[in-house]
Number of protein chains: 2
Amino acid sequence: MQIMDKKSPIHITISERDDSVTITQWVYQTLRNAVMYGEILPGRALTIRELAGILDVSPMPVREALRQLAAENALEIQGNRRVMVPKMTAMKFSELCEARIAIESHAAARALPYIDRDQLSQLRVLDSLIDKAQEEKDLAQISTLNQNFHRALYTANPHQVTLPLIESLWLQLGPFMRLATSQLEEHYLVDRHNEAMTAIEKKDAFALQVAIAADIREGIAFAGTPEMLHAFIENAGT
Amino acid sequence: MQIMDKKSPIHITISERDDSVTITQWVYQTLRNAVMYGEILPGRALTIRELAGILDVSPMPVREALRQLAAENALEIQGNRRVMVPKMTAMKFSELCEARIAIESHAAARALPYIDRDQLSQLRVLDSLIDKAQEEKDLAQISTLNQNFHRALYTANPHQVTLPLIESLWLQLGPFMRLATSQLEEHYLVDRHNEAMTAIEKKDAFALQVAIAADIREGIAFAGTPEMLHAFIENAGT
DNA sequence: AATAATTGTTTGTGATCACAAAAGTAAGTT
DNA sequence: AACTTACTTTTGTGATCACAAACAATTATT
(Lines give C-alpha, C1' and ligand atoms only; values in the text may rest on other atoms or scores of the structure.)
Protein backbone atom coordinates (compact mmCIF):
# COMPACT_ATOMS: atom_id res chain seq x y z
CA MET A 1 0.00 0.00 0.00
CA GLN A 2 2.24 2.74 -1.29
CA ILE A 3 0.86 6.18 -0.65
CA MET A 4 3.31 8.81 -1.82
CA ASP A 5 6.94 9.64 -2.31
CA LYS A 6 7.52 12.81 -0.45
CA LYS A 7 11.10 13.12 -1.51
CA SER A 8 12.82 12.32 -4.76
CA PRO A 9 12.30 8.64 -5.51
CA ILE A 10 15.22 6.27 -5.06
CA HIS A 11 15.97 3.70 -7.71
CA ILE A 12 18.27 0.92 -6.61
CA THR A 13 19.52 -1.82 -8.88
CA ILE A 14 18.46 -5.04 -7.27
CA SER A 15 20.25 -8.28 -7.99
CA GLU A 16 19.11 -11.81 -7.34
CA ARG A 17 19.40 -12.91 -3.74
CA ASP A 18 21.46 -16.02 -3.21
CA ASP A 19 20.12 -18.09 -0.34
CA SER A 20 23.63 -18.93 0.82
CA VAL A 21 24.25 -15.38 1.99
CA THR A 22 22.38 -13.72 4.78
CA ILE A 23 19.78 -11.09 4.03
CA THR A 24 21.92 -8.52 5.81
CA GLN A 25 24.86 -9.30 3.56
CA TRP A 26 22.68 -9.03 0.46
CA VAL A 27 21.24 -5.72 1.59
CA TYR A 28 24.73 -4.50 2.38
CA GLN A 29 26.03 -5.39 -1.09
CA THR A 30 22.98 -3.92 -2.77
CA LEU A 31 23.26 -0.62 -0.93
CA ARG A 32 27.02 -0.58 -1.39
CA ASN A 33 26.63 -0.89 -5.15
CA ALA A 34 23.92 1.74 -5.14
CA VAL A 35 26.26 4.16 -3.41
CA MET A 36 29.19 3.16 -5.62
CA TYR A 37 27.22 3.71 -8.80
CA GLY A 38 25.80 6.99 -7.61
CA GLU A 39 22.22 5.78 -7.56
CA ILE A 40 21.52 7.60 -4.35
CA LEU A 41 22.15 11.27 -4.44
CA PRO A 42 24.21 12.89 -1.74
CA GLY A 43 22.20 14.69 0.87
CA ARG A 44 19.12 12.56 0.35
CA ALA A 45 17.96 11.22 3.71
CA LEU A 46 17.79 7.46 3.87
CA THR A 47 15.27 5.95 6.23
CA ILE A 48 15.32 2.39 7.39
CA ARG A 49 11.69 1.69 6.67
CA GLU A 50 11.77 3.22 3.21
CA LEU A 51 14.75 1.11 2.17
CA ALA A 52 13.21 -1.94 3.75
CA GLY A 53 10.14 -1.33 1.64
CA ILE A 54 12.13 -0.87 -1.57
CA LEU A 55 14.22 -3.99 -0.99
CA ASP A 56 11.25 -5.93 0.34
CA VAL A 57 12.92 -7.01 3.55
CA SER A 58 12.28 -6.29 7.19
CA PRO A 59 13.87 -3.21 8.76
CA MET A 60 16.36 -5.26 10.71
CA PRO A 61 18.85 -6.20 7.97
CA VAL A 62 18.68 -2.63 6.66
CA ARG A 63 19.62 -1.28 10.06
CA GLU A 64 22.70 -3.44 10.22
CA ALA A 65 23.76 -2.74 6.64
CA LEU A 66 23.41 1.00 7.13
CA ARG A 67 25.48 0.92 10.27
CA GLN A 68 28.21 -1.05 8.54
CA LEU A 69 28.28 1.30 5.56
CA ALA A 70 28.44 4.25 7.92
CA ALA A 71 31.40 2.68 9.69
CA GLU A 72 33.12 2.40 6.33
CA ASN A 73 32.49 6.09 5.66
CA ALA A 74 30.25 5.28 2.71
CA LEU A 75 27.36 6.85 4.56
CA GLU A 76 27.17 9.58 7.13
CA ILE A 77 25.15 9.62 10.32
CA GLN A 78 24.15 13.12 11.22
CA GLY A 79 23.43 14.42 14.67
CA ASN A 80 19.74 13.96 13.92
CA ARG A 81 20.51 10.26 13.56
CA ARG A 82 19.61 10.66 9.92
CA VAL A 83 21.63 8.71 7.40
CA MET A 84 22.70 10.07 4.03
CA VAL A 85 25.35 9.85 1.35
CA PRO A 86 27.92 12.46 2.35
CA LYS A 87 28.06 15.58 0.25
CA MET A 88 31.24 16.21 -1.64
CA THR A 89 33.35 19.32 -1.77
CA ALA A 90 36.21 20.13 -4.10
CA MET A 91 38.64 20.11 -1.20
CA LYS A 92 37.43 16.80 0.12
CA PHE A 93 37.62 15.32 -3.34
CA SER A 94 41.20 16.46 -3.56
CA GLU A 95 42.00 15.03 -0.14
CA LEU A 96 40.51 11.69 -1.09
CA CYS A 97 42.59 11.51 -4.26
CA GLU A 98 45.80 12.40 -2.47
CA ALA A 99 45.03 9.85 0.24
CA ARG A 100 44.51 7.24 -2.47
CA ILE A 101 47.90 8.03 -3.96
CA ALA A 102 49.67 7.90 -0.61
CA ILE A 103 48.12 4.65 0.54
CA GLU A 104 47.92 2.80 -2.74
CA SER A 105 51.47 3.51 -3.80
CA HIS A 106 52.51 2.27 -0.38
CA ALA A 107 50.38 -0.84 -0.74
CA ALA A 108 51.79 -1.48 -4.20
CA ALA A 109 55.36 -1.30 -2.99
CA ARG A 110 54.54 -3.60 -0.09
CA ALA A 111 52.91 -6.11 -2.40
CA LEU A 112 55.74 -6.17 -4.91
CA PRO A 113 57.97 -8.74 -3.18
CA TYR A 114 55.09 -11.20 -3.03
CA ILE A 115 54.23 -11.19 -6.72
CA ASP A 116 55.02 -14.55 -8.25
CA ARG A 117 54.38 -16.03 -11.69
CA ASP A 118 50.72 -16.80 -11.09
CA GLN A 119 49.88 -13.35 -9.86
CA LEU A 120 51.89 -11.77 -12.63
CA SER A 121 49.96 -13.66 -15.26
CA GLN A 122 46.70 -12.73 -13.56
CA LEU A 123 47.69 -9.08 -13.72
CA ARG A 124 48.62 -9.50 -17.36
CA VAL A 125 45.17 -10.85 -18.12
CA LEU A 126 43.52 -7.88 -16.44
CA ASP A 127 45.89 -5.53 -18.23
CA SER A 128 44.92 -6.89 -21.64
CA LEU A 129 41.23 -6.80 -20.74
CA ILE A 130 41.61 -3.14 -19.87
CA ASP A 131 43.28 -2.50 -23.22
CA LYS A 132 40.36 -4.17 -24.93
CA ALA A 133 37.75 -2.22 -22.98
CA GLN A 134 39.63 0.95 -23.75
CA GLU A 135 39.43 0.31 -27.49
CA GLU A 136 35.71 -0.22 -27.16
CA LYS A 137 35.39 2.88 -25.03
CA ASP A 138 33.36 0.94 -22.46
CA LEU A 139 33.67 3.33 -19.56
CA ALA A 140 31.88 1.26 -16.95
CA GLN A 141 33.97 -1.76 -17.86
CA ILE A 142 37.18 0.23 -17.69
CA SER A 143 36.31 1.43 -14.21
CA THR A 144 35.53 -2.04 -12.96
CA LEU A 145 38.57 -3.68 -14.51
CA ASN A 146 40.81 -0.91 -13.29
CA GLN A 147 39.61 -1.55 -9.75
CA ASN A 148 40.20 -5.27 -10.17
CA PHE A 149 43.71 -4.59 -11.37
CA HIS A 150 44.54 -2.50 -8.34
CA ARG A 151 42.94 -4.97 -5.98
CA ALA A 152 44.77 -7.91 -7.53
CA LEU A 153 48.04 -6.06 -7.13
CA TYR A 154 47.56 -5.15 -3.48
CA THR A 155 46.19 -8.52 -2.41
CA ALA A 156 49.38 -10.19 -3.56
CA ASN A 157 50.58 -9.22 -0.10
CA PRO A 158 49.16 -11.95 2.13
CA HIS A 159 49.51 -9.86 5.30
CA GLN A 160 46.87 -7.44 4.17
CA VAL A 161 45.94 -4.44 6.23
CA THR A 162 45.62 -1.61 3.75
CA LEU A 163 43.00 -2.98 1.38
CA PRO A 164 40.02 -2.27 3.64
CA LEU A 165 41.22 1.31 3.98
CA ILE A 166 41.63 1.63 0.23
CA GLU A 167 38.19 0.19 -0.40
CA SER A 168 36.79 2.79 1.95
CA LEU A 169 38.35 5.54 -0.14
CA TRP A 170 37.03 4.00 -3.35
CA LEU A 171 33.60 3.90 -1.82
CA GLN A 172 33.73 7.57 -0.94
CA LEU A 173 34.96 8.55 -4.39
CA GLY A 174 32.74 6.10 -6.24
CA PRO A 175 29.56 8.10 -6.68
CA PHE A 176 31.40 11.11 -8.03
CA MET A 177 33.65 9.15 -10.34
CA ARG A 178 30.59 7.58 -11.90
CA LEU A 179 28.72 10.81 -11.98
CA ALA A 180 31.60 12.32 -13.90
CA THR A 181 32.27 9.44 -16.29
CA SER A 182 28.63 9.00 -17.18
CA GLN A 183 28.54 12.55 -18.44
CA LEU A 184 31.70 12.39 -20.47
CA GLU A 185 31.66 10.93 -23.95
CA GLU A 186 35.18 11.89 -24.77
CA HIS A 187 38.10 11.26 -22.53
CA TYR A 188 41.44 9.89 -23.34
CA LEU A 189 43.35 7.73 -20.98
CA VAL A 190 47.01 7.03 -21.13
CA ASP A 191 47.35 3.45 -20.08
CA ARG A 192 49.61 3.51 -17.07
CA HIS A 193 49.08 -0.15 -16.40
CA ASN A 194 51.68 -1.13 -18.96
CA GLU A 195 54.06 1.13 -17.12
CA ALA A 196 53.12 -0.57 -13.87
CA MET A 197 53.53 -4.00 -15.40
CA THR A 198 57.10 -3.36 -16.50
CA ALA A 199 57.92 -1.95 -13.08
CA ILE A 200 56.54 -5.10 -11.51
CA GLU A 201 58.51 -7.32 -13.82
CA LYS A 202 61.68 -5.44 -12.97
CA LYS A 203 60.77 -5.50 -9.28
CA ASP A 204 61.31 -1.75 -9.28
CA ALA A 205 59.32 -0.49 -6.30
CA PHE A 206 59.89 3.18 -6.96
CA ALA A 207 58.88 2.98 -10.61
CA LEU A 208 55.78 1.08 -9.57
CA GLN A 209 54.84 3.78 -7.08
CA VAL A 210 55.24 6.40 -9.77
CA ALA A 211 53.08 4.43 -12.18
CA ILE A 212 50.34 3.85 -9.60
CA ALA A 213 50.33 7.49 -8.60
CA ALA A 214 50.12 8.55 -12.25
CA ASP A 215 47.34 6.06 -12.91
CA ILE A 216 45.28 7.40 -10.04
CA ARG A 217 45.86 11.00 -11.00
CA GLU A 218 44.90 10.42 -14.61
CA GLY A 219 42.03 8.17 -13.71
CA ILE A 220 40.45 11.09 -11.96
CA ALA A 221 41.85 13.73 -14.28
CA PHE A 222 39.07 13.07 -16.78
CA ALA A 223 36.78 14.68 -14.26
CA GLY A 224 38.67 17.49 -15.87
CA THR A 225 38.99 21.07 -14.90
CA PRO A 226 38.17 22.28 -11.42
CA GLU A 227 35.18 24.05 -12.92
CA MET A 228 33.69 20.84 -14.22
CA LEU A 229 34.34 19.09 -10.96
CA HIS A 230 32.78 21.99 -9.19
CA ALA A 231 29.70 21.76 -11.39
CA PHE A 232 29.19 18.11 -10.57
CA ILE A 233 29.66 18.67 -6.91
CA GLU A 234 27.27 21.58 -6.86
CA ASN A 235 24.62 19.64 -8.72
CA ALA A 236 25.08 16.67 -6.47
CA GLY A 237 24.80 18.81 -3.40
CA THR A 238 21.44 20.34 -4.11
CA MET B 1 20.89 -16.15 36.93
CA GLN B 2 24.46 -16.80 35.98
CA ILE B 3 25.27 -20.47 35.57
CA MET B 4 28.86 -20.90 34.49
CA ASP B 5 31.68 -19.46 32.44
CA LYS B 6 32.69 -22.14 30.06
CA LYS B 7 35.50 -20.13 28.54
CA SER B 8 38.00 -17.78 30.08
CA PRO B 9 36.07 -15.04 31.83
CA ILE B 10 35.99 -11.61 30.21
CA HIS B 11 36.55 -8.55 32.33
CA ILE B 12 35.50 -5.31 30.72
CA THR B 13 36.00 -1.91 32.28
CA ILE B 14 32.57 -0.37 32.47
CA SER B 15 32.12 3.37 32.63
CA GLU B 16 29.09 5.32 33.66
CA ARG B 17 26.40 5.53 31.03
CA ASP B 18 25.39 9.03 30.08
CA ASP B 19 21.73 9.23 29.23
CA SER B 20 22.38 11.65 26.40
CA VAL B 21 24.05 8.95 24.30
CA THR B 22 22.27 5.91 22.98
CA ILE B 23 22.87 2.54 24.52
CA THR B 24 24.39 1.32 21.29
CA GLN B 25 26.92 4.16 21.37
CA TRP B 26 27.79 3.42 24.96
CA VAL B 27 28.23 -0.28 24.23
CA TYR B 28 30.33 0.59 21.21
CA GLN B 29 32.65 2.82 23.23
CA THR B 30 32.90 0.31 26.04
CA LEU B 31 33.81 -2.55 23.72
CA ARG B 32 36.14 -0.33 21.75
CA ASN B 33 38.06 0.57 24.88
CA ALA B 34 38.11 -3.04 25.94
CA VAL B 35 39.70 -4.00 22.65
CA MET B 36 42.07 -1.04 22.73
CA TYR B 37 43.27 -1.86 26.22
CA GLY B 38 43.67 -5.52 25.44
CA GLU B 39 41.01 -6.64 27.90
CA ILE B 40 39.71 -9.22 25.47
CA LEU B 41 42.22 -11.70 24.34
CA PRO B 42 42.60 -12.41 20.66
CA GLY B 43 40.96 -15.59 19.51
CA ARG B 44 38.38 -15.56 22.28
CA ALA B 45 34.94 -15.97 20.78
CA LEU B 46 32.58 -13.14 21.61
CA THR B 47 28.91 -13.94 21.73
CA ILE B 48 26.18 -11.38 21.63
CA ARG B 49 24.26 -12.77 24.56
CA GLU B 50 27.30 -13.11 26.78
CA LEU B 51 28.33 -9.50 26.23
CA ALA B 52 24.76 -8.37 26.68
CA GLY B 53 24.76 -10.14 30.02
CA ILE B 54 28.06 -8.60 31.11
CA LEU B 55 27.03 -5.09 30.10
CA ASP B 56 23.50 -5.58 31.37
CA VAL B 57 21.80 -4.51 28.17
CA SER B 58 19.64 -6.29 25.65
CA PRO B 59 21.33 -8.15 22.79
CA MET B 60 20.28 -5.56 20.23
CA PRO B 61 22.78 -2.76 20.99
CA VAL B 62 25.54 -5.35 21.28
CA ARG B 63 24.74 -6.66 17.82
CA GLU B 64 25.05 -3.23 16.31
CA ALA B 65 28.21 -2.33 18.19
CA LEU B 66 29.88 -5.60 17.18
CA ARG B 67 29.02 -5.06 13.54
CA GLN B 68 30.43 -1.55 13.62
CA LEU B 69 33.65 -2.66 15.28
CA ALA B 70 33.99 -5.44 12.74
CA ALA B 71 33.57 -2.92 9.93
CA GLU B 72 36.42 -0.93 11.49
CA ASN B 73 38.61 -4.04 11.54
CA ALA B 74 38.75 -3.99 15.31
CA LEU B 75 36.97 -7.33 15.35
CA GLU B 76 36.87 -10.16 12.90
CA ILE B 77 33.84 -12.07 11.73
CA GLN B 78 34.77 -15.61 10.87
CA GLY B 79 33.01 -17.86 8.42
CA ASN B 80 31.17 -19.42 11.34
CA ARG B 81 29.70 -15.99 11.98
CA ARG B 82 31.70 -15.99 15.18
CA VAL B 83 33.20 -12.74 16.28
CA MET B 84 36.63 -12.41 17.86
CA VAL B 85 39.58 -10.09 18.32
CA PRO B 86 41.85 -10.91 15.37
CA LYS B 87 45.04 -12.79 16.15
CA MET B 88 48.25 -11.00 15.49
CA THR B 89 51.27 -12.20 13.59
CA ALA B 90 54.72 -10.66 13.41
CA MET B 91 54.24 -9.89 9.73
CA LYS B 92 50.87 -8.31 10.23
CA PHE B 93 52.24 -6.22 13.07
CA SER B 94 54.96 -5.00 10.78
CA GLU B 95 52.47 -4.21 8.03
CA LEU B 96 50.32 -2.23 10.44
CA CYS B 97 53.28 -0.16 11.60
CA GLU B 98 54.44 0.57 8.07
CA ALA B 99 50.90 1.50 7.08
CA ARG B 100 50.76 3.86 10.04
CA ILE B 101 53.95 5.54 8.91
CA ALA B 102 52.79 5.90 5.33
CA ILE B 103 49.36 7.29 6.16
CA GLU B 104 50.20 9.38 9.19
CA SER B 105 53.17 11.12 7.64
CA HIS B 106 50.93 11.92 4.71
CA ALA B 107 48.20 13.19 7.01
CA ALA B 108 50.70 15.30 8.92
CA ALA B 109 51.99 16.95 5.76
CA ARG B 110 48.44 17.60 4.61
CA ALA B 111 47.53 19.16 7.93
CA LEU B 112 50.56 21.41 8.12
CA PRO B 113 49.21 24.32 6.03
CA TYR B 114 46.14 24.54 8.25
CA ILE B 115 47.93 24.87 11.55
CA ASP B 116 47.37 28.30 13.01
CA ARG B 117 48.27 29.85 16.32
CA ASP B 118 45.48 28.25 18.30
CA GLN B 119 46.27 24.77 17.10
CA LEU B 120 49.95 25.32 17.58
CA SER B 121 49.44 26.29 21.20
CA GLN B 122 47.17 23.30 21.69
CA LEU B 123 49.93 21.05 20.37
CA ARG B 124 52.40 22.75 22.66
CA VAL B 125 50.22 21.98 25.65
CA LEU B 126 50.02 18.33 24.71
CA ASP B 127 53.75 18.26 24.07
CA SER B 128 54.54 19.55 27.53
CA LEU B 129 52.05 17.15 29.10
CA ILE B 130 53.84 14.31 27.37
CA ASP B 131 57.14 15.54 28.74
CA LYS B 132 55.66 15.56 32.21
CA ALA B 133 54.18 12.08 31.87
CA GLN B 134 57.50 10.86 30.58
CA GLU B 135 59.31 12.10 33.67
CA GLU B 136 56.81 10.29 35.82
CA LYS B 137 57.11 7.19 33.66
CA ASP B 138 53.34 6.94 33.45
CA LEU B 139 53.10 4.58 30.50
CA ALA B 140 49.35 4.57 30.09
CA GLN B 141 49.27 8.35 30.20
CA ILE B 142 52.06 8.62 27.65
CA SER B 143 50.16 6.37 25.28
CA THR B 144 46.96 8.35 25.61
CA LEU B 145 48.61 11.73 25.29
CA ASN B 146 50.66 10.57 22.37
CA GLN B 147 47.49 9.59 20.58
CA ASN B 148 45.92 12.92 21.39
CA PHE B 149 48.93 14.70 20.00
CA HIS B 150 48.73 12.85 16.72
CA ARG B 151 45.00 13.31 16.49
CA ALA B 152 45.22 17.02 17.19
CA LEU B 153 47.82 17.38 14.48
CA TYR B 154 45.85 15.57 11.79
CA THR B 155 42.52 17.14 12.60
CA ALA B 156 43.96 20.57 11.90
CA ASN B 157 43.06 19.72 8.32
CA PRO B 158 39.34 20.51 8.14
CA HIS B 159 38.81 18.37 5.04
CA GLN B 160 39.49 15.22 6.95
CA VAL B 161 39.45 11.83 5.27
CA THR B 162 42.44 10.00 6.70
CA LEU B 163 41.69 10.11 10.41
CA PRO B 164 39.11 7.31 10.36
CA LEU B 165 41.62 5.12 8.55
CA ILE B 166 44.31 5.99 11.05
CA GLU B 167 42.01 5.26 13.97
CA SER B 168 41.31 1.88 12.46
CA LEU B 169 45.03 1.12 12.45
CA TRP B 170 45.38 2.30 16.06
CA LEU B 171 42.54 0.05 17.01
CA GLN B 172 44.18 -2.95 15.43
CA LEU B 173 47.53 -2.23 17.06
CA GLY B 174 46.06 -1.18 20.38
CA PRO B 175 45.75 -4.47 22.19
CA PHE B 176 49.32 -5.45 21.40
CA MET B 177 50.82 -2.10 22.21
CA ARG B 178 49.22 -2.25 25.63
CA LEU B 179 50.14 -5.87 26.09
CA ALA B 180 53.74 -4.96 25.43
CA THR B 181 53.91 -1.76 27.48
CA SER B 182 52.26 -3.31 30.50
CA GLN B 183 55.05 -5.84 30.72
CA LEU B 184 57.90 -3.41 30.39
CA GLU B 185 59.13 -1.49 33.39
CA GLU B 186 62.08 0.02 31.65
CA HIS B 187 61.94 1.65 28.29
CA TYR B 188 63.44 4.84 27.19
CA LEU B 189 61.75 7.07 24.69
CA VAL B 190 63.42 9.75 22.70
CA ASP B 191 60.87 12.52 22.52
CA ARG B 192 60.29 13.08 18.85
CA HIS B 193 57.47 15.48 19.50
CA ASN B 194 59.86 18.33 20.08
CA GLU B 195 61.34 17.52 16.72
CA ALA B 196 57.86 17.55 15.22
CA MET B 197 57.03 20.84 16.90
CA THR B 198 60.00 22.66 15.42
CA ALA B 199 59.17 21.23 11.99
CA ILE B 200 55.63 22.53 12.38
CA GLU B 201 56.83 25.95 13.43
CA LYS B 202 59.10 26.11 10.41
CA LYS B 203 56.32 24.78 8.19
CA ASP B 204 58.78 22.17 7.00
CA ALA B 205 56.62 19.35 5.68
CA PHE B 206 59.44 16.95 4.98
CA ALA B 207 61.01 17.36 8.40
CA LEU B 208 57.61 16.82 9.95
CA GLN B 209 57.13 13.60 8.04
CA VAL B 210 60.51 12.39 9.19
CA ALA B 211 59.69 13.25 12.80
CA ILE B 212 56.30 11.53 12.66
CA ALA B 213 57.81 8.43 11.07
CA ALA B 214 60.52 8.33 13.72
CA ASP B 215 57.98 8.82 16.50
CA ILE B 216 55.88 5.93 15.26
CA ARG B 217 58.87 3.67 14.79
CA GLU B 218 60.22 4.40 18.26
CA GLY B 219 56.83 4.28 19.84
CA ILE B 220 56.62 0.67 18.84
CA ALA B 221 60.31 -0.03 19.13
CA PHE B 222 59.95 -0.53 22.87
CA ALA B 223 58.10 -3.69 21.98
CA GLY B 224 61.72 -4.49 21.43
CA THR B 225 63.37 -7.29 19.65
CA PRO B 226 61.49 -9.48 17.23
CA GLU B 227 61.82 -12.27 19.76
CA MET B 228 59.96 -10.33 22.43
CA LEU B 229 57.30 -9.30 20.00
CA HIS B 230 57.02 -12.89 18.95
CA ALA B 231 56.56 -13.99 22.51
CA PHE B 232 53.68 -11.59 23.07
CA ILE B 233 52.04 -12.59 19.87
CA GLU B 234 52.38 -16.27 20.61
CA ASN B 235 50.95 -15.87 24.10
CA ALA B 236 48.13 -13.78 22.82
CA GLY B 237 47.29 -16.26 20.15
CA THR B 238 46.85 -19.30 22.36
C1' DA C 1 -0.54 38.09 8.13
C1' DA C 2 3.54 36.49 10.61
C1' DT C 3 5.12 33.97 14.38
C1' DA C 4 4.56 30.79 18.14
C1' DA C 5 2.38 26.82 20.19
C1' DT C 6 0.25 22.33 19.48
C1' DT C 7 -1.12 18.25 17.41
C1' DG C 8 -0.39 14.23 14.49
C1' DT C 9 2.91 11.54 11.99
C1' DT C 10 7.23 9.51 10.95
C1' DT C 11 11.53 7.60 12.44
C1' DG C 12 15.40 5.51 15.12
C1' DT C 13 16.14 2.86 19.15
C1' DG C 14 15.74 -0.93 22.00
C1' DA C 15 13.33 -5.25 23.67
C1' DT C 16 11.43 -9.70 22.85
C1' DC C 17 10.34 -13.75 20.20
C1' DA C 18 10.84 -17.55 16.63
C1' DC C 19 13.75 -20.31 14.01
C1' DA C 20 17.54 -22.66 11.70
C1' DA C 21 22.36 -23.42 11.78
C1' DA C 22 26.27 -24.39 14.57
C1' DA C 23 28.62 -26.21 18.56
C1' DG C 24 28.94 -29.08 22.21
C1' DT C 25 27.78 -33.48 24.53
C1' DA C 26 26.45 -38.09 25.25
C1' DA C 27 25.49 -42.53 23.64
C1' DG C 28 26.31 -46.22 20.52
C1' DT C 29 29.14 -48.82 17.31
C1' DT C 30 33.24 -51.14 15.51
C1' DA D 1 39.66 -47.11 23.24
C1' DA D 2 38.65 -44.42 18.97
C1' DC D 3 35.34 -42.99 16.00
C1' DT D 4 30.79 -42.11 14.44
C1' DT D 5 26.05 -40.89 15.26
C1' DA D 6 22.17 -38.80 17.60
C1' DC D 7 20.60 -35.51 20.74
C1' DT D 8 20.68 -31.22 23.46
C1' DT D 9 22.10 -26.59 23.93
C1' DT D 10 23.76 -22.36 22.34
C1' DT D 11 24.02 -18.76 18.99
C1' DG D 12 23.24 -15.58 15.02
C1' DT D 13 19.64 -14.00 12.15
C1' DG D 14 15.48 -11.90 11.16
C1' DA D 15 10.69 -10.28 12.43
C1' DT D 16 7.62 -7.72 15.25
C1' DC D 17 6.34 -4.56 18.82
C1' DA D 18 6.63 -0.44 22.08
C1' DC D 19 8.23 3.99 22.88
C1' DA D 20 10.36 8.52 22.85
C1' DA D 21 12.50 11.91 20.01
C1' DA D 22 12.38 14.34 15.64
C1' DC D 23 9.76 16.16 11.96
C1' DA D 24 5.77 18.17 9.59
C1' DA D 25 1.52 20.40 9.50
C1' DT D 26 -2.10 22.68 11.59
C1' DT D 27 -4.10 25.76 14.73
C1' DA D 28 -3.94 29.49 17.92
C1' DT D 29 -2.10 33.97 19.29
C1' DT D 30 -0.12 38.57 18.85
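A note on names: the letters A, B, ... follow the listed sequences, proteins ahead of strands, and every chain is numbered from 1. None of the values given here were measured: they were computed from a predicted structure.
A close approach under 4.0 Å does occur between a side-chain nitrogen or oxygen of A/T24 and OP1 or OP2 of D/dG14.
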Requested in this report: With side chain to side chain contact (heavy atoms under 4.5 Å, CB included) as the test, would you mind laying out the steps for B/W170 and B/R151 before giving the verdict?
Outcome: CA-CA 11 Å; B/W170 289 352; B/R151 204 192 329 260; 3.9 Å; yes
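Atom CE of A/M60 is separated from atom P of C/dG12 by 13 Å (rounded to the nearest Å). Rounded to an integer number of Å, the gap from CD1 of B/I48 to P of D/dT10 is 16 Å. Spacing between atom CD of B/Q78 and atom C1' of C/dA23 amounts to 13 Å, rounded to whole angstrom units. Atom CG of B/L75 is separated from atom P of D/dG12 by 12 Å (rounded to the nearest Å). One interatomic measurement links the two molecules: CG of A/L55 to C1' of D/dA15, which rounds to 16 Å at whole-angstrom precision.
Side-chain atoms of B/R49 and base atoms of D/dG12 include a donor and an acceptor less than 3.5 Å apart. Between the side chain of A/R67 and the base of C/dG12 there is no donor-acceptor pair of N/O atoms closer than 3.5 Å.
The residue B/I77 sits apart from the nucleic acid: no heavy atom pair falls under 4.0 Å. Within the nucleic acid shown, A/L66 has no heavy atom closer than 4.0 Å to any nucleic acid atom. Within 4.0 Å (heavy atoms only), A/R63 reaches at least one base atom of the nucleic acid.
Distances from the side chain of A/T47 to the nucleotides C/dG12, D/dA15, C/dG14 place C/dG12 closest.
Counting non-hydrogen atoms of neighbouring residues, nucleotides and ligands closer than 6.0 angstrom, the CG atom of A/N80 exceeds 12 such neighbours.
Between A/N80 and A/E64, the residue anchored closer to the 5' end of DNA chain D is A/E64, taking for each the nucleotide with the nearest heavy atom. Of the two residues contacting DNA chain D, namely A/S58 and B/V83, the nearest-nucleotide position lying further toward the 5' end is that of B/V83.
Listed by chain and number, the residues in a side-chain contact (heavy atoms from CB on, under 4.5 Å) with A/E64 are A/T24, B/R63, B/R67 (sequence neighbours excluded).
Atom CG of B/N33 and atom CD1 of B/I12 lie 10.5 Å apart (nearest 0.5 Å).
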